[in-house]
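One structure below.
Because the structure is a prediction, the values reported are computed rather than measured.
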Amino acid sequence: MTSKGGAGIGVLLSVVAIVAVGVFMFWLNQRVAELPDPDATVVEEAPLTAADVLAGSGPIIGRRAQFDSIPVAIGLGRAVFSVALDDSTAGGDRVSVLGQIFSLNDSIRVEWVNQGAVDQGMVVSLPRTSSFLLADSVEVH
């Protein structure tokens, strides 16, 4: 035999369980709605050019960039060099680079020196810029 109070608790727990499942299904439906449509056509932005960066036409951090045949301003070490986007440097190597633009800060500058990418004596020549291009490919001309 069950007591009348025991039956009431069973009904209450059943209602709570049904409501909990309903809330979970609503939450799950919202998460699925936020996923990108796999059938949607993804339009990728064209990589930035040196002219785009010089024009300052919008945010560049996180964007892909492709600079074709631009002059190397100064080599800073085995893995870092600065370029003259405005073609003001005469003579020397020219490079074509493709990569992504990131924010540049003092911590990154210090790490470049610690890792040996920038020579200790060239630290003072590091440009005081707010971004850098991490190259996927570099072609020297």
Side-chain angles (χ1 to χ4, degrees), residues 1-90 92-141:
M1 281 193 155
T2 60
S3 67
K4 188 174 182 179
I9 294 218
V11 171
L12 179 61
L13 289 176
S14 296
V15 170
V16 168
I18 291 171
V19 169
V21 168
V23 168
F24 174 73
M25 295 303 285
F26 175 77
W27 174 83
L28 186 59
N29 185 47
Q30 295 301 312
R31 294 298 168 256
V32 169
E34 293 173 4
L35 293 175
D37 181 3
D39 297 328
T41 303
V42 175
V43 177
E44 291 191 27
E45 292 182 273
L48 295 169
T49 64
D52 296 331
V53 173
L54 283 173
S57 58
I60 63 170
I61 303 301
R63 297 272 314 268
R64 303 267 314 148
Q66 181 171 353
F67 304 150
D68 294 319
S69 192
I70 56 175
V72 173
I74 186 170
L76 300 166
R78 67 176 174 81
V80 178
F81 57 89
S82 65
V83 295
L85 294 179
D86 61 1
D87 207 21
S88 63
T89 304
D93 291 332
R94 297 184 76 78
V95 293
S96 293
V97 293
L98 173 67
Q100 186 168 353
I101 297 179
F102 292 92
S103 293
L104 180 59
N105 58 39
D106 290 338
S107 297
I108 293 172
R109 287 181 179 92
V110 168
E111 193 58 31
W112 283 349
V113 173
N114 290 343
Q115 295 292 325
V118 172
D119 295 337
Q120 184 67 37
M122 298 302 290
V123 172
V124 296
S125 298
L126 272 169
R128 299 307 301 175
T129 182
S130 61
S131 61
F132 70 98
L133 184 136
L134 179 61
D136 298 333
S137 67
V138 176
E139 182 181 330
V140 180
H141 308 279

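In this structure S131 satisfies the side chain to side chain donor-acceptor pair (under 3.5 Å) test with no other residue, sequence neighbours excluded. Under the side-chain contact (heavy atoms from CB on, under 4.5 Å) criterion, V72 pairs with F81, D93, V95, sequence neighbours left out. Shown here are the side-chain contact (heavy atoms from CB on, under 4.5 Å) partners of F24, two or more places apart in sequence or in another chain: W27, L28. A search for side-chain contact (heavy atoms from CB on, under 4.5 Å) contacts involving Q115 returns E111, not counting sequence neighbours.
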Scan the side chains in residues 132-139 for donor-acceptor partners under 3.5 Å anywhere in the protein, sequence neighbours excluded, and list what turns up.
residue: D136; atom: OD2; partner: R64; partner atom: NH1; Å: 2.7
residue: D136; atom: OD2; partner: R64; partner atom: NH2; Å: 2.6

Could you tabulate the donor-acceptor pairs under 3.5 Å formed by side-chain atoms of residues 117-128, not counting sequence neighbours?
residue: R128; atom: NH2; partner: D106; partner atom: OD1; Å: 3.2

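When all heavy atoms are compared, the tightest approach of A65 to I101 is CB-CD1, 3.8 Å. The nearest pair of heavy atoms linking A50 to L85 is CB-CD2, 3.9 Å. Nearest heavy-atom pair, D52 versus P47, reported as atom, atom and distance to 0.1 Å: OD2-O, 4.2 Å.
The closest donor-acceptor contact from the side chain of S96 to the backbone of S69 lies under 3.5 Å. Judged by distance alone, the side chain of R94 and the main-chain N or O of D68 form no donor-acceptor pair under 3.5 Å.
Here the straight-line distance linking atom CG of L48 with atom CG of L54 works out to 11.0 Å at 0.5 Å rounding. Between the OG1 atom in T129 and the CG atom in L104 there is a gap of 6.5 Å [rounded to 0.5 Å]. For the atom pair CD1 of I60 and OG of S103, the computed distance is 8.5 Å after rounding to the nearest 0.5 Å.
Contact check for M25 versus V21: side-chain heavy atoms found under the 4.5 Å cut-off.
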